[in-house]
Amino acid sequence: MATPLTPILTAHWDDPDSFTIDGYSRHGGYDALPKALAMEPDAVIGLVKDTGLRGRGGAGFPTGLKWSFVPQNDGKPHYLVVNADESEPGACKDMPLLMANPHALVEGIIITCYAIRARHAFIYVRGEVPHAIRRVAAAVREAYQAGHIGTNIHGSGFDLDVVVHSGAGAYICGEETALLDSLEGRRGQPRLKPPFPAVAGLYASPTVVNNVETISNIPYIIRNGVDWFRQFGTEKSPGFKLFSVSGHVRSPGVYEAPLGITMRELIDYAGGMREGSELKFWVPGGSSVPMLTAEHLDLPMTYEAMAEAGTMLGTATPMVFDQTVSVVKTVTRWLEFYKHESCGKCTPCREGTSWMTGLLETFEAGHGQESDLQIIDDICHQIAGRSFCALGDAAATPFPGAMKYFRDEFVAGTHTSADDAFNPVASTVLAGASTR
Amino acid sequence: MEIDDTTRDEVRAIIARYPETRSALLPLLHLVQSVEGSVTPDGIEFVAEQLELTPAEVASVATFYTMYKRHRTGRHHIGVCTNSLCALLGGDVVWKSLSDELGIGHDETTADGEFSIERIECQAACTHAPSVTIDWEYFDDATPASVSEVIAKLRAGEPVQSTRGPVIRDFRATEHTLAVTDDGLAGEGPSADHRMLAGLTAAKERGMALQDTAAPASSEGEN
């Protein structure tokens, strides 16, 4: 039997006011808050630990464990910083969540801050999405007015301020320490770890950095409990997930399902491949994870199964590409992105992304030299594991992943350009609508 | 640079949001960009004074982030995502058509100061590919024709509605929103459009149960 979809975070997005406090409260919103405030903070951390919730920003680190790393009674202020810098190519689930259900995040922030004893939270939203910023800023304002944020929240003695902060266009700020530097008013470049943010984060104080979707899970968990949460997903990948399915499917969009759903099922829910289209490759969680092919369609979309297949679940935002697509062009464009977004702090990433891009462009243009394929591979190995942060590792990912399944296409790039081999119009949405 | 009293009040309010003043740097750069249309040496000097930093410190930050423009930006800024997925689904075609129509290239501005265009990176709208932004508001599922129509409307002063947001204002107005964050326009546009609702729609069509036990207003599918 097919894995059913499970609208939870998305359950009421078809209400015209789903993004307002009235729309949210109508369906049990802010019911979790008094429940959490009646618990001991450590009990809230313990409960989230018991759910096994893993970070939804890509790395999948256990959320409750991360919270428990914050030292208590250390006399320092603590901070919660929500990472809403969603910029990973392929990922489009946090921005929809902020636009349609921002109060889930706000309620989650209040509960999380209570648990980790933070009095100040920041929501760092990428600057290029003003409508997401205004929706979440309005939600914060409404929560203040309702007394859910501010001083002595609902008589609990707990005080909290929440600030919405706009970024200014830098993919690297999705890396948590670069984000903290950016929030401190500096160039967004990663910091050396350790110390980890839980010990020395924002303003050198203990800080939890969590993804939007992760924190938005919290009210639902508090409301419904550990067993309810664990009925979804697998032992190692519990819970439900927003999957943004994009590319050559009939109905691209946001699909909320338990972890463990297969890509075949997701494509089926998305209406199947577009007319006359055949799957060529897909990428489970953003351009920073290795691609897969049709032989992997029945694997469960879990952290563990994706790792076994040699890739990663990442942000769980699959991109689907059909037979009209040039792998060489796709990978080259991703590398141009990493080159553009490399912060320049460390040499392997700064130089390596530049060299790889230059070489890949010769293959896209149809005059690559076959021996350069080995050089690109060597560069990948020089970057991976030798860079300051995960951006370098990510940049070293698409090429080896593509070579594993489509080496012939790169070899063809020694004599035929990507546009000659694959008519660039055929892959467009317009072509799908008119010529099939 | 002319800074009026309203802007000075906004500067104070922005600085007051943060436990440490330097955190106000990015929002203040958005604010000066909303006044001048770009981040000028004057703007950098002003922000430096407000935060007791040196102009060099502010400039080093301003030049790191792509949204801060160092030369005059058009009244409208149009971005076309040409990262892999959007490019393949039509972004490259849209870009070429837009660039040809306006006769300018990446990061350039038309002679009349109306439009600047930019090849942008992933906009978190892959489900709406090809993604275009007008003054950073979403203009989803773009085609050469839809973008051309928008150019004509903006030139004629006719209203253009973001596909998931408010009526387009101009580049500087958006920069102001980014600085102050709350601009009274949150209610514009739909809660979610058909692509954001694709999963919910598919679930409802199949009669799949709602899972959240504390959702009394629509519990027809009790789990």
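Scope of the values below: all heavy atoms of this structure, side chains included, with no hydrogens, waters or symmetry mates. Letters A, B, ... are given to chains in the order of the sequence lines, protein chains preceding strands, and every chain is numbered from 1.
Only the side chain of A:Cys173 comes within less than 4.5 Å of a heavy atom in chain B; its backbone stays farther off. Contacts between A:Val245 and chain B at a heavy-atom distance below 4.5 Å involve the backbone alone (N, CA, C, O). Proximity to chain B is absent for every atom of A:Tyr171, based on heavy atoms less than 4.5 angstrom apart. Heavy atoms of A:Met95 lying under 4.5 Å from chain B belong exclusively to its side chain. Neither the backbone nor the side chain of A:Asn101 comes within less than 4.5 Å of any heavy atom in chain B. Residue A:Phe122 touches chain B through its side chain alone, counting heavy-atom pairs closer than 4.5 Å. A:His340 touches chain B through its side chain: at least one heavy atom from C-beta onward sits under 4.5 Å away, while N, CA, C and O do not. A:Ile8 touches chain B through its side chain: at least one heavy atom from C-beta onward sits under 4.5 Å away, while N, CA, C and O do not. For chain A, the nearby part of B:Ala129 is the backbone; its heavy atoms alone come within less than 4.5 Å. Only the side chain of A:Tyr220 comes within contact range of chain B, with at least one heavy atom under 4.5 Å from a heavy atom of that chain. Looking at A:Asp17, only its backbone comes within 4.5 Å of chain B, counting heavy atoms on both sides. Within the 4.5 angstrom heavy-atom criterion, atoms from both the backbone and the side chain of A:Val164 approach chain B. Proximity to chain B is limited to the side chain of A:Ile172, based on heavy atoms less than 4.5 angstrom apart. Interface remark: A:Phe229 contributes no atoms to any contact with chain B (heavy atom separation under 4.5 Å). Residue A:Phe240: no heavy atom, backbone or side chain, is found under 4.5 Å from chain B.
Counting heavy-atom pairs under 4.5 Å between each of A:Gly253, A:Pro424, A:Gly225 and chain B puts A:Gly253 at the top. Counting heavy-atom pairs closer than 4.5 Å to chain A, the top residue among B:Cys81, B:Ala179, B:Pro166, B:Ala87 is B:Pro166. Between chain A and the residues B:Pro144, B:Ala125, B:Ser60, the largest count of heavy-atom pairs under 4.5 Å involves B:Ser60. Between chain B and the residues A:Ser287, A:Gly127, A:Pro102, A:Ser326, the largest count of heavy-atom pairs under 4.5 Å involves A:Gly127. Of the listed residues A:Met319, A:Glu184, A:Lys329, A:Gln189, the one with more heavy-atom pairs under 4.5 angstrom with chain B than any other is A:Glu184. Between chain A and the residues B:Pro190, B:Gly90, B:Pro130, B:Ala186, the largest count of heavy-atom pairs under 4.5 Å involves B:Ala186. Counting heavy-atom pairs closer than 4.5 Å to chain B, the top residue among A:Gly90, A:Ala270, A:Ala139 is A:Gly90. Ranking A:Glu336, A:Glu88, A:Lys93, A:Arg126 against chain B, the residue ahead of the rest is A:Arg126, based on heavy-atom pairs under 4.5 Å. Listed options B:Pro19, B:Cys86, B:Gly189, B:Pro27 were ranked by heavy-atom pairs under 4.5 angstrom with chain A; first place goes to B:Pro19. Of the listed residues (B:Leu185, B:Asp141, B:Asp193), the greatest number of heavy-atom pairs within a distance under 4.5 Å of chain A belongs to B:Leu185. Top candidate by heavy-atom pairs under 4.5 Å with chain B, chosen from A:Ala100, A:Gly188, A:Ser87, A:Ala91, is A:Gly188. Of the listed residues (B:Thr133, B:Thr66, B:Leu88, B:Thr21), the greatest number of heavy-atom pairs within a distance under 4.5 Å of chain A belongs to B:Leu88.
Between B:Leu200 and A:Glu256, every side-chain heavy-atom pair lies at or beyond the 4.5 Å cut-off.
Nearest approach of A:His131 to B:Arg164, heavy atoms of both residues: CD2-O, 3.0 Å. The nearest pair of heavy atoms linking A:Gly185 to B:Leu25 is O-CD2, 3.1 Å. Contact detail for B:Ala192 and A:Trp13: the closest heavy-atom pair is CB-O, 3.8 Å. The two residues B:Thr82 and A:Arg333 make their nearest non-hydrogen contact at O-NH1, 2.9 Å. Summarising the geometry of A:Pro130 relative to B:Asp135, their closest heavy-atom pair is CG-O, 4.5 Å, with the distance given to 0.1 Å. The heavy-atom pair separating A:Asp15 from B:Ser191 by the smallest distance is O-OG, 2.7 Å.
The line from OG1 of B:Thr181 to CZ of A:Arg135 is 15.0 Å long, rounded to the nearest 0.5 Å. Taken to the nearest 0.5 Å, the CG atom of B:Leu89 stands 8.0 Å off from the OG1 atom of A:Thr324. Residue A:Glu86 holds its CD atom at 10.5 Å from CD of B:Gln123, rounded to the nearest 0.5 Å. Rounding to the nearest 0.5 Å places CD of A:Glu341 at 10.5 Å from SG of B:Cys122. Atom CE of B:Met196 and atom OG1 of A:Thr10 lie 10.0 Å apart (nearest 0.5 Å). If you take OH on B:Tyr18 and NE2 on A:His120, they are separated by 9.0 Å, rounding to the nearest 0.5 Å.
Under the 3.5 Å distance criterion, the side-chain polar atoms of B:Thr127 are left unmatched by any main-chain donor or acceptor of A:Ser246.
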